[in-house]
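Notes to accompany the following structure.
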Amino acid sequence: FEEFPNLHMMMVDLHEYLLHQFPILLPTPVKWKKSKFGVSSFKAATNILFISKMDLKNHIRSIPDYPKKGILFRDITTLIKNEEAFAETINQIIDRSKKFEFDKIAAIESRGFVFASAVSYVLKKPFIMLRKKNKLPADVYSVDFELEYGTATIEVHKDSIQKDEKVLIIDDLIATGGTAEAAAKLIEISNGKVACFVFVINLFDLNGSDNLLKKGYKVENIIEFPGH
C-alpha cells in the first residue's frame, strides 16, 4: 500500500459502494481511517471481491406427497433457517428488482411475507399484505382463484394502493400460477399496476411462470425446480 497509496482509497470506495448496493451481504464497515494502509482494511476489502454466489438449491428440502399424494413439496424453511442462505436470497431478489421501477412491494400470505418484508426494509418501500379471506379488518377487494389442490380467496385493503402506483409482487414459489394471477388482479382492481413478479422458486414444468409471461407480466425466478 505504501507504494500504491491510491489502491487503499480504491478499496475503501469499493467497500462503501458494495455496502450501499448489498447491505445485508456485507459486514459493518471497517474503521478505515484509524489505521493508515492497514492490513485488516486490505483483507476486509479483498474478501468481498471473491464472494461467489451460493447455490440456493442446496438449501431447499423436497418432501414427497405433501400436502397430498402426488405433490412434491419444496420446503423453504431449510433455506430461511440458514442466515447466509437467507441473506443471499434477499440480495438476489433485490438485484433482480433493480431492473424495474416500482412504488410499493406486495406479497402473498404467508411465506411471501418472509422475503418481501426484508426486501421492503432494505429498499425502504411500503409493504402491502395480500391476505387470505377474512384476515384483514378494513374494507377489502377480493379475488377467488383455483389452486393446484383446491380453491382459495385473497384480499387486499382498498386503501393499500393508489391509482397508477407500480407494485412489485414477491412470493416464495410459483406452480400453476393461480395465486399469482389472483394477486395481479387485486393490484389491478385497486387501480395499480404490476411492475414485476419475483419468485424464489419456479416449478418450471407446471408452467405458471410461462403463463404470466404470456399474459404480458414481467417475471423473475431465483431458483428453478421441476414440480414432480
Side-chain angles (χ1 to χ4, degrees), residues 11-30 44-60 74-130 156 160-161 165-174 177 179-180 183-184 186-187 192-204 208-209 212-213 217-225:
M11 290 294 185
V12 174
D13 291 342
L14 175 62
H15 183 274
E16 290 177 351
Y17 170 78
L18 292 175
L19 184 64
H20 176 74
Q21 295 295 317
F22 306 101
I24 291 180
L25 177 64
L26 301 179
T28 303
V30 176
T46 51
N47 283 345
I48 292 166
L49 292 176
F50 296 101
I51 292 174
S52 58
K53 277 190 177 180
M54 181 184 300
D55 188 352
L56 295 174
K57 291 183 76 170
N58 294 334
H59 295 275
I60 302 296
R74 306 296 184 178
D75 180 18
I76 62 157
T77 64
T78 45
L79 182 147
I80 62 177
K81 76 176 184 179
N82 181 297
E83 67 277 18
E84 293 179 358
F86 183 46
E88 175 64 14
T89 304
I90 299 304
N91 285 327
Q92 289 196 33
I93 294 172
I94 291 170
D95 187 52
R96 301 293 186 96
S97 73
K98 288 178 181 177
K99 302 176 185 178
F100 310 98
E101 292 184 6
F102 55 95
D103 304 296
K104 293 179 177 178
I105 294 171
I108 302 163
E109 187 172 356
S110 61
R111 292 183 296 272
F113 295 171
V114 174
F115 301 98
S117 57
V119 173
S120 177
Y121 171 76
V122 173
L123 296 182
K124 295 180 171 57
K125 296 283 188 180
F127 175 44
I128 307 300
M129 295 188 295
L130 309 181
V156 67
S160 290
I161 299 164
E165 284 186 324
K166 300 181 182 69
V167 181
L168 175 73
I169 302 175
I170 297 174
D171 204 5
D172 70 310
L173 180 144
I174 181 166
T179 309
L186 279 180
I187 303 306
K193 298 177 181 178
V194 177
C196 179
F197 287 94
V198 181
F199 300 103
V200 177
I201 299 172
N202 173 35
L203 303 182
F204 57 81
S209 182
L212 290 176
L213 290 169
Y217 297 110
K218 297 178 175 67
V219 180
E220 295 286 332
N221 302 308
I222 307 298
I223 306 170
E224 302 281 345
F225 271 114

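We're numbering straight along the sequence, starting at 1. Just so it is clear, the structure is predicted and the values come from calculations on it, not from any experiment.
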Atom [atom1] of [X] and atom [atom2] of [Y]: how far apart are they, to the nearest 0.5 Å?
X      : Y      : atom1 : atom2 : answer
Leu123 : Ile105 : CG    : CD1   : 5.0 Å
Asn82  : Thr77  : CG    : OG1   : 11.5 Å
Phe197 : Leu213 : CZ    : CG    : 10.0 Å
Asp171 : Phe199 : CG    : CZ    : 6.5 Å
Glu88  : Asp55  : CD    : CG    : 10.0 Å
Thr89  : Ile223 : OG1   : CD1   : 6.0 Å

Quick one: closest heavy-atom pair of [X] and [Y], and the distance?
X      : Y      : answer
Ala183 : Leu130 : CB-CD1, 3.6 Å
Ala118 : Phe86  : CB-CZ, 4.5 Å
Thr78  : Lys81  : O-CG, 3.7 Å
Ala195 : Lys166 : CB-CB, 4.2 Å
Ile187 : Ala106 : CD1-CB, 4.4 Å

**Request:** Go through the steps to decide whether Leu56 and Gln92 satisfy the test side chain to side chain contact (heavy atoms under 4.5 Å, CB included), and finish with yes or no.
**Result:** CA-CA 10 Å; Leu56 295 174; Gln92 289 196 33; 3.7 Å; yes
Could you tell me if the side chain of [Y] sits less than 4.5 Å from the side chain of [X], heavy atoms only?
X      : Y      : result
Leu173 : Val200 : no
Phe115 : Leu79  : yes
Leu212 : Ile174 : yes
Phe127 : Tyr121 : no

**Asked** What do you reckon, is NZ of Lys57 surrounded by more than 12 foreign heavy atoms closer than 6.0 Å?
**Response**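 Yes, enclosed.
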**Asked** When you look at CZ of Phe100, are more than 12 heavy atoms from neighbouring residues, nucleotides or ligands closer to it than 6.0 Å?
**Response**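 More than 12 within 6.0 Å, yes.
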**Request:** Let me see the working for Met54 and His59 under side chain to side chain contact (heavy atoms under 4.5 Å, CB included), right down to the final yes or no.
**Result:** CA-CA 10 Å; Met54 181 184 300; His59 295 275; 3.5 Å; yes
**Request:** Only one of Cys196, Ser97, Ser209 passes side-chain contact (heavy atoms from CB on, under 4.5 Å) with Glu220; say which it is.
**Result:**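 When side-chain contact (heavy atoms from CB on, under 4.5 Å) is applied between Glu220 and each of Cys196, Ser97, Ser209, only Cys196 qualifies.
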**Request:** Sort out for me which residue in Asp172, Ile76, Ile222 forms a side-chain contact (heavy atoms from CB on, under 4.5 Å) with Ile201.
**Result:** Ile76
Can a donor-acceptor pair be found, under 3.5 Å and without considering hydrogens, that links the side chain of [X] to the backbone of [Y]?
X      : Y      : value
Asp95  : Asn91  : no
Ser120 : Ser117 : no
Asn202 : Glu224 : no

**Partners meeting salt bridge (Lys or Arg N to Asp or Glu O under 4.0 Å) with Lys125 (sequence neighbours left out)** =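 Lys125 satisfies salt bridge (Lys or Arg N to Asp or Glu O under 4.0 Å) with no residue once adjacent residues are dropped.
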